[in-house]
Structure formats: C-alpha cells, structure tokens
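Positions are given from 1, in the same order as the sequence printed here.
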Amino acid sequence: MAMVAELERRQSAMELHVINSIRQSLDNKQPLSFQALASLRSLIINPATPDSTLSSVLDALTRSLQLNCDPIFLHHALKLLSDLASHRPHLSPFALDLLRSDSLFSSASPRLVGESLSVLLSLTSIGNDMDAARFVSLCLGPSVSVRQCLLRNAEKLVFRESVLLALFLGFTRDPYPYVRKEALHGLVKLCKNGGFDDRDVIEGCYCRAVELLRDAENYVRSAAVRAVCEWGRLLVICSEDMNKQDSSDAVFIQLGCMVRDMSVDVRLEAFEALGKIGLVSEDILLQTLSKKVLGINKDKAFKPVEGLDISASAVAGAYIHGLEDEFSEVRMSACYSLRTLTVFSLRFACEALNLMMDMLNDDSTVVRLQALDTIHHMATNDHLKVEKIHIHRFLSALADSNSVIRSMTRKILKLAKLPQFELFKLCIDGLLGNLEIYPQDEADVFSALFHIGRNHGKFTVHIIEEVSPEMEPTSGGKLSFDSTRVAAFLVLAISAPLSNEKDVSAIPPRIFSYAVTWLGRISYGLSDIMNQEKLLAYLSECSRSSTISLADFKINEALLTVESDAPIPLCSKVDSPVSMPFWKDSGGTSDYHHQEILSLGKSAAHAEYELGEHSELRKYVNLIFKKVKDFWSLVELGCTTEAFKGIRACKEEVASFTTESPGSSGAVAFTLQYLQVIEMLVKVWGHLRPTKMLNPYGVGKLELLFAKLDRRLREISNRFIGLSKGEELQILDLVLVACLLRLSKVEICCCNTAMKLLSSTVAHVEYLHKEGSIEPSKFVTEVKKSLHDADSSSSSSSCQPLLFKKLLDSFSLQQFVLYGTPRYIHAELAVPGNDSENPLPFIPGIPASIPLAITLHNVLTESRLWVRISMGEESTQFVFLDLNLIRNKKRSINVVREFTFVAPFYRTPKAISFTVRASLGLECFRENVDRVKVFGGPKCELTYLCPEKEIFLCKSTEC
C-alpha cells in the first residue's frame, strides 16, 4: 500500500512539474524546452488528464510554434499534435488548425513538410481546408517527395477541376520521372471523374499523354498508356458522329504501337488498354493479326488531333507479337484483350480462333486456360466457327491432365455448333475418351453430352442408330449396368426429344426405359437442368411417346443453354494478382456425397426440396464451394496469389449473405469458417510445396502459420452440429493434409506428436467410413497404407518427409456440398455495467467475484465448458462451467441458454486497479493427442466460443 501511494505521489508531482513548465513558458513568451516536450506526451495519452490541462498544452504548443523554427523542435511538436488529434477527438479541430499552420509548412526541412502533410492527410478524410495557393506553393517547392505526395493525394483536396488539371498538365513536364508518373495518374483520375466537355482541353491532355509514350522511364510510359486510353475514349465521345469511328481507330492504333515496348509492364498496359476500346473497324482488327500490311490499310492514315498523324500499318501484327511474347503474363493479357474484341467482328473472331488454337499448346497452364476462356466467350456470342482442324485440338484438351482445362473444354463444346456429322462424331468420341481416362469427370461429361445432343438433334438420332446394338440387353436379357459408355449414349439419346430440330422422333421408346436404370447417376450429371423427380417423369413419358415439349415438365429452357461468363481480366500487371475466372471443375462433388446420393437414392435437387426455406441459401453456398474447388486447382499449379484473391472475394460475398431466417446463420458461419481454413491451407501449401514463387518464410513464420491453421481446423471440427458423415470426412481430409504438411517439414515438426494426431485422425476416418458405408477416397487409402507400413517398420523410419510429400501429391481438394443446415455453436459473454469508469470492486489477496452474463447458442448439456480468465500472459486460470446445474436442460440443439455465472478470480494483485480478460472455451475431446498440462483446468485443447471480454477491477474503498 505504501509503495502504491508513493508511485501515485511521484506521478502527480511529475504532472505538476510539467504544468508549471507550461505556465512559465506562457508567462515568459518563450517556447517550450525539449524536456517539457518529452513530458507532454504522457499528459496527452493519459485518459485522466483534465481538459483544462490539455488546453494549456495546446496553448503552449501554439506559442512555441510561433517562437521556435528549429526543425528538430518542430518534429517533436508535430508528433504531439498528431497524438492530441487522435487521442482527444474533441480537441482535434484545434490540433488540425496548428498542423495547417505556416510554422510547419514553411519549414526549410523538406522532411518535416512531408511529415506534416502525411499526418494531416491521415487525420482527415478530406483535407478541405488547405487553400489552393498553399497547395500550389508546396507543389512548386524544392522537395520532390512533397510534390509527389501532394499529386498522389490531390483527389482528397477540394479544389476546382481547372486547378488540378493545370497542375497535372504542368507537372507532366517535371524533370523527375516519379513526379511525371503521379501527374499522369492524376490526369487519369480526373478523366474517370468526368465533367470535361471542352474538346480543346481533351485534345491537350491526349496529346500530352501521347508525347510521354516516348519517355525514357518504363513506369512513366506505362502511366502514359493508361492516360492515352482514358483520354482517347473521352476524345471519341466528344467527336462528331461521322468522325467517331476514325477517332476510335486512331486511339486503338496509338495504343497498339506500344505492344512492342521493351518493358513488360508497358506491354501489359498496352494490351489491357486495347481491350477497352469499344469501337474498332474490322480492317484495323484484322491488321493486328497479320504482320504483313493488308492492301486496304497501306495508304490509310488517321488524324485524331491536329498535328498528330498515325498510319494504320503501325498496328500490324500487334496481337501476333503479344501471343509470341517470352513472358507468360503478356501472352495471357493478349489472350484476354482478344476476348473482348471478338464480339465486334465474326471474321476477326474466326481469324483469332486459329491463334487461340495454337495457344492451347502453350507451356503455361494459365495461358492455356485463358485461351480456352477466350474461345468460350466467342461461343457465348455465337462467333465460334468450329472446323475439323479445331476439333482435334479440343480433343487433345479433353485428355489434358489438368481438370480445369478439361472442364473449360467441355463448356466450349456445350455451346459449339458443329456443321458436319463427322465433327459431331469426333466430339462424342472425344468425350467418351475423356470419360474412360478420367472417370471422376462423369457428371460433367454427362452434362456436356446432354447439351451437345440437344443442340444437334439429327446427328444424335443418327449416332444412336449406329450404337443401338450396344445399348440393347444381352442374349440372357441383362443390361450392361457396369458400362459407363452405355450410360453416356443413354444421356445422349434422352436429349434428342428436347431438340429444336424436326424429325428427331426416331429414338426407340425403350431407350428411355433403359435410362431409368441409370437414374441416380444421370440425374446427378443433369442436376443443373432438372431434378430426379422431373427426370423420372420425363423418361416415363418419353418411353411412351418421344414427342414432348419443355412445357410438359416445366423445364426452364434458359437452363438448357450454358450461361455466359462475365469478362474476367486474367492479368493486368506483372506485379498484380491475377484474377482468375470461376472455372467449373469436372470433379464437381466429393466422392463422399456421391456415394451418399447413390446409397440413399437422393439427388442434389431432392436435398434442396427437403431443406425448404433454406434451399436458396444452400444453392449460393454450394456455388461458393464450387468456386473454392476451382481455386484449389490454381494452387496445385503454383498460382497461390490468384487463389488468394479468389478466396478473399468469396469471403466478401459470403459476408454479404443475410442471416435473418432461422438456421441460415449456421450455414453462413460454416461457409466463412471453411473459407478461412482453405485460405490458411493455401498459405501453408504455397510455402511448403513447389510453386512458381520462392519460399520467403522462415521457420518461425511457418510455425505461426501452422498454429493458425490448427486453430481454424479445431474450430470448424468442433463448433458445428448437424453435419453428415460425408461432410465430417471432408473436414478430416483437411486435418490429414495439415498433418502431412507438418510432417513434410522436419525443421518445424515434432514427429511423435504429429504421427499420433495422424493416426488418431485416420482411426476416426475409418470409423466414419464404416458407420456411413462410404468408400474411402484414393487419398485416404494411400495415407492408411503408408501409416500401416510405417507402423510395421522401425520407429526411426516413421518420420520420412519424402514419403509424406509423395502422399500430398495424391491429394486433390473435393468440392464440399452442404446438404443439411448446420448449427453454429457460439456464445456471448458480458459483464453488465462494467467499464473503465465503473470497475468491479476487489480486495487485494482475496478472490474477486466476477458476475458473467452468458448466452449459449446450440451448446449441448454434456459439453464441457471452461471460463478462461487471464491477467497478462503469465497469470491464467480456468473455471469449469457445469451445464447440468443450469435449469434449462433441454438437449435440443436449437436451445438458447441465458444465465448469470459468478466466476471467482483467485490471483488478485496488490494494486489499486487491474484488468483481466475472460473468454468461454469448449473442450475438444476428439483431439486427445496432447493433453493440456494445466492444474485444475481442461485436459484437452479448447475451442473458444466468443471474443475475449476485458473486465475492469478497482480496489474496494472499504479495505
């Protein structure tokens, strides 16, 4: 007690000394000393300092800024003003006025001016009080960094557009290249904001940007390409109707000249800009695909602006150069740029298709994917003209080892219009070969066959007539139930009655009866078109009469056409993440759910019917899971940055889902948790598996990543109720992968612990397989076999990193499909009326009582809950929460329990006040590999159900 009183006395004496120094400074009209400045910060950040004292501090700083111009002194004063504005919101206007004062911005130190500007911009959302004269004065000052900072943040300042336009145009001639770049970026922002209709102004900005296309610095030329694109488009808009086409062609040619630039960044910007020009004549487009100048373009020239002539021949072979570029990023950007231009001309699309076919042999998988995406865009806009030479390339892509490439190829074939029966037969043979080599593609192949058969009704009837002997029963009267080839022909046959062509009624009705024997697998492949009930009714009707209409079964005709994809820029910069399209993968649904569907006789559509009001949300959630599966294919290719961007976009999308309806919060919470697990798994995978990036992480960083991954896996495994066995098995697959990743890195692995966790997880997987009669996946089978071999060998060989790396090669993320409505286990923890102003009383050395208002959601009575109370990192205690003592003892998982629990805190310190943090944890019995060594606490790891709550305690006045 005496020591605490002494400390309080010394603190009060120090504050009194600082206040006296401030008053003395004000009385003598002298600036504050450096010692006083150093002491002022403690007064500013101390919440107990009265406003009168802070006002004196502000007055002293104001007087000191007027009397002392020393840069070191001003630097300290700037820091104090920043603290005052951020810690004391009610005084921030006065602090900001001082930050705008002449004392700081007229300093001879450029560094101080730059710091003042940075602090001012960071503390105000819009720096609307800086006058234009000061802004211009600072821009014209000697400091390049200040000038660059002002130009970069000019949009935060409220000035007339004419002022900013004059500044940006003027500084495009600055001798420093970084200033020129920022000025060009400013011009682009001005152009995007609009408001310019003066043609002379537009022409001036366009011409200045064209001049800087010849700048010596790469980043300046890159910014100039962007400026030419934006101001050029504005130039086209303001042109007369009769001149719009010529102006657009001229801008396109001007940008096309930059595709041969020596800089990769400039070439990327050029191709991205070419794809943004929306109005280009066919002759100019065709010239970009030919290095030889076409006759019609030999003498053609354009003059978009007076004094600026450009020849049509300048764009000769622009896309040829891009598609032959040595950098895959440029080739990919060229493919995407072509994607947007094929809409304008059928002839151009046909010529571009030949180039895209060549790109299917590219060394880079991502380039091949973008080429396929471009071809799919052509097909969506009815600009795909398939010939025999093309079909062979498509068939090669169907045999590709990459599942995403096979899936994209099938999407194209769904939309393709094949003019000859020979091409149709080659296409069907290719899909059958795809099905034979990759049986996991069955669902997607069936869907492709159905769409292709419907689009070519006459060809379908012809080929069914040829293969009908294969589909008939054998001499013993038995059908070939084990022939996937027969099932494929049945899918093709049942699509014919839905064709828009005439005379397609030659399919024998008995064929539709045969298809009923494959109802489960066929409905699984056609789940995006009709559910199992409608399919069964359709087959029954066709078995009696093969002439039907779509309206007979309320089949949405829009579903029978493949949806078009929105434009997806795959690459804009070398150093920017690649935005990948949401390609549908052929191995769409997990093996577990496929087995469950077959064994229970339920289709995905049937499950949706059972879910009732949650079916729409479940559709959206499963679409997210499908995207995640596609992103994992990119991870396997080493494109972890692209996968990260896609997963984060999915998280933002899920976060926007509404959770108002009962039960929907569980599905949304589970989806977010799953995305977080995959995100952490991608992060670990990218630094332990071979990728296109070097490994920048050290051992300590990897340990931290593994700890976060383990925590995420523990939460998704223990905080949700109502998951099916198949869903649990997919989560356990992720646990197995995490174990193998840890075992593959000897430096961070405790081999015995990891092997125990691996063994216990495999044992649990085997139990679920047995209980649910589910066949294990290839990955699980390989892990079990290797684990058995390790157990039978010597203990020293049980930890073999090369073996575990090989096992990881057999892992492929299966699409997660949510069939139920999981319940989210979570809690809310509060201490009513407690805050820093109203602390709980305690007596030092005697246990303190902490009344906790607890709300539990979906927590079963037999769960073991612990209240964790910590004071710093060294003092932690656990209090067991016995749910059997709570009155509401319902075992329903929908129950919400609200009650007050008084938790004792035994380790009260000898202090005037202190704070503790409390949280509620659920003991995880499944993870019993490592017992938690806490006396009187949980025996297993805890999964925390709520955020930590800070609790304030103050010594009782009665002691």
Side-chain angles (χ1 to χ4, degrees), residues 323 328 331-332 334-336 338-339 342 349-380 383-418 420 422-453 455-456 488 525 562 564-565 568 570 580-588 629-630 632-634 636-639 642 812:
L323 297 174
S328 61
R331 300 197 300 274
M332 188 163 47
C335 287
Y336 179 76
L338 271 173
R339 178 190 194 274
T342 53
C350 293
E351 295 292 334
L353 178 60
N354 296 326
L355 295 176
M356 291 298 99
M357 288 292 122
D358 293 335
M359 299 309 294
L360 295 183
N361 295 325
D362 196 276
D363 295 335
S364 170
T365 303
V366 185
V367 174
R368 299 202 303 273
L369 289 173
Q370 180 60 79
L372 287 169
D373 184 63
T374 300
I375 298 171
H376 179 260
H377 187 69
M378 296 180 190
T380 302
H383 279 186
L384 179 63
K385 187 177 180 180
V386 180
E387 299 177 0
K388 188 173 182 179
I389 189 175
H390 302 145
I391 204 71
H392 287 290
R393 296 287 178 87
F394 285 131
L395 299 184
S396 299
L398 285 175
D400 196 281
S401 60
N402 186 278
S403 61
V404 184
I405 289 182
R406 299 196 304 272
S407 177
M408 281 296 296
T409 306
R410 289 189 293 268
K411 287 178 67 177
I412 295 169
L413 293 177
K414 287 180 183 181
L415 295 171
K417 295 180 179 179
L418 307 173
Q420 303 169 9
E422 181 185 4
L423 299 182
F424 178 80
K425 193 172 186 304
L426 285 172
C427 179
I428 299 302
D429 289 341
L431 287 169
L432 292 176
N434 176 188
L435 188 57
E436 182 179 356
I437 300 173
Y438 302 102
Q440 66 268 29
D441 294 357
E442 180 182 284
D444 207 26
V445 171
F446 282 0
S447 178
L449 287 169
F450 189 89
H451 283 280
I452 294 171
N455 294 336
H456 306 84
V562 183
S564 61
D565 292 338
I568 305 160
L570 281 191
M580 302 304 296
F582 297 147
W583 289 300
K584 180 182 178 183
D585 182 49
S586 55
K629 170 66 177 69
D630 296 338
W632 186 261
S633 300
L634 300 178
E636 293 175 336
L637 298 174
C639 306
E642 296 85 343
S812 180

Spatial distance of atom CG (Leu369) from atom CG (Asn402) [nearest 0.5 Å]: 6.0 Å
Evaluation steps, side chain to side chain contact (heavy atoms under 4.5 Å, CB included), between Lys417 and Asn455: CA-CA 7 Å; Lys417 295 180 179 179; Asn455 294 336; over 6 Å; no
Pairs where residues 392-403 contributes a residue and the test salt bridge (Lys or Arg N to Asp or Glu O under 4.0 Å) is met, not counting sequence neighbours: Asp358-Arg393, Arg368-Asp400
Heavy-atom side-chain contact between Ser447 and Lys414 under 4.5 Å: yes
Of Thr365, Asp363, Val367, the residue whose pairing with Ser328 passes side-chain contact (heavy atoms from CB on, under 4.5 Å): Val367
Pair Arg406 + Asp444: basic N to acidic O under 4.0 Å: no
Taking every non-hydrogen atom, the tightest pair across Lys629 and Ser812: NZ-OG, 4.4 Å
Full working for side chain to side chain contact (heavy atoms under 4.5 Å, CB included) between Leu338 and Leu323: CA-CA 10 Å; Leu338 271 173; Leu323 297 174; 4.1 Å; yes
Smallest separation among heavy atoms of Ala416 and His456, with atom names: O-CE1, 3.3 Å
Intermediate values then yes/no, side chain to side chain contact (heavy atoms under 4.5 Å, CB included), Leu384 and Leu415: CA-CA 9 Å; Leu384 179 63; Leu415 295 171; 6.0 Å; no
Any side-chain heavy-atom pair of Met357 and Ile389 under 4.5 Å: no
Non-hydrogen side-chain atoms of Ile375 and Arg339 separated by less than 4.5 Å: no
4.5 Å side-chain heavy-atom contact, Met359 and Leu372: no
Gap separating the CG atom of Leu398 from the CZ atom of Arg410, nearest 0.5 angstrom: 7.0 Å
Partner of Thr374 by side-chain contact (heavy atoms from CB on, under 4.5 Å), out of His377, His376, Met378: Met378
Give the table of side-chain donor-acceptor pairs shorter than 3.5 Å for residues 422-433, with sequence neighbours excluded, one pair per line with atom names and distance.
{"from": "Glu422", "atom 1": "OE2", "to": "Lys388", "atom 2": "NZ", "distance (Å)": "2.8"}

Closest non-hydrogen atom pair, Asp362 against Ser364: OD1-N, 2.7 Å
Rounded distance (nearest 0.5 Å) linking atom CD of Gln440 with atom OG of Ser403: 8.0 Å
Pairs where residues 386-413 contributes a residue and the test ring pair (Phe, Tyr, Trp, His ring centres under 6.0 Å) is met, not counting sequence neighbours: none
Test side chain to side chain contact (heavy atoms under 4.5 Å, CB included) applied to Tyr336 and Met332, step by step: CA-CA 6 Å; Tyr336 179 76; Met332 188 163 47; over 6 Å; no
Check: Ile391 and Leu418 side chains under 4.5 Å, non-hydrogen atoms: yes
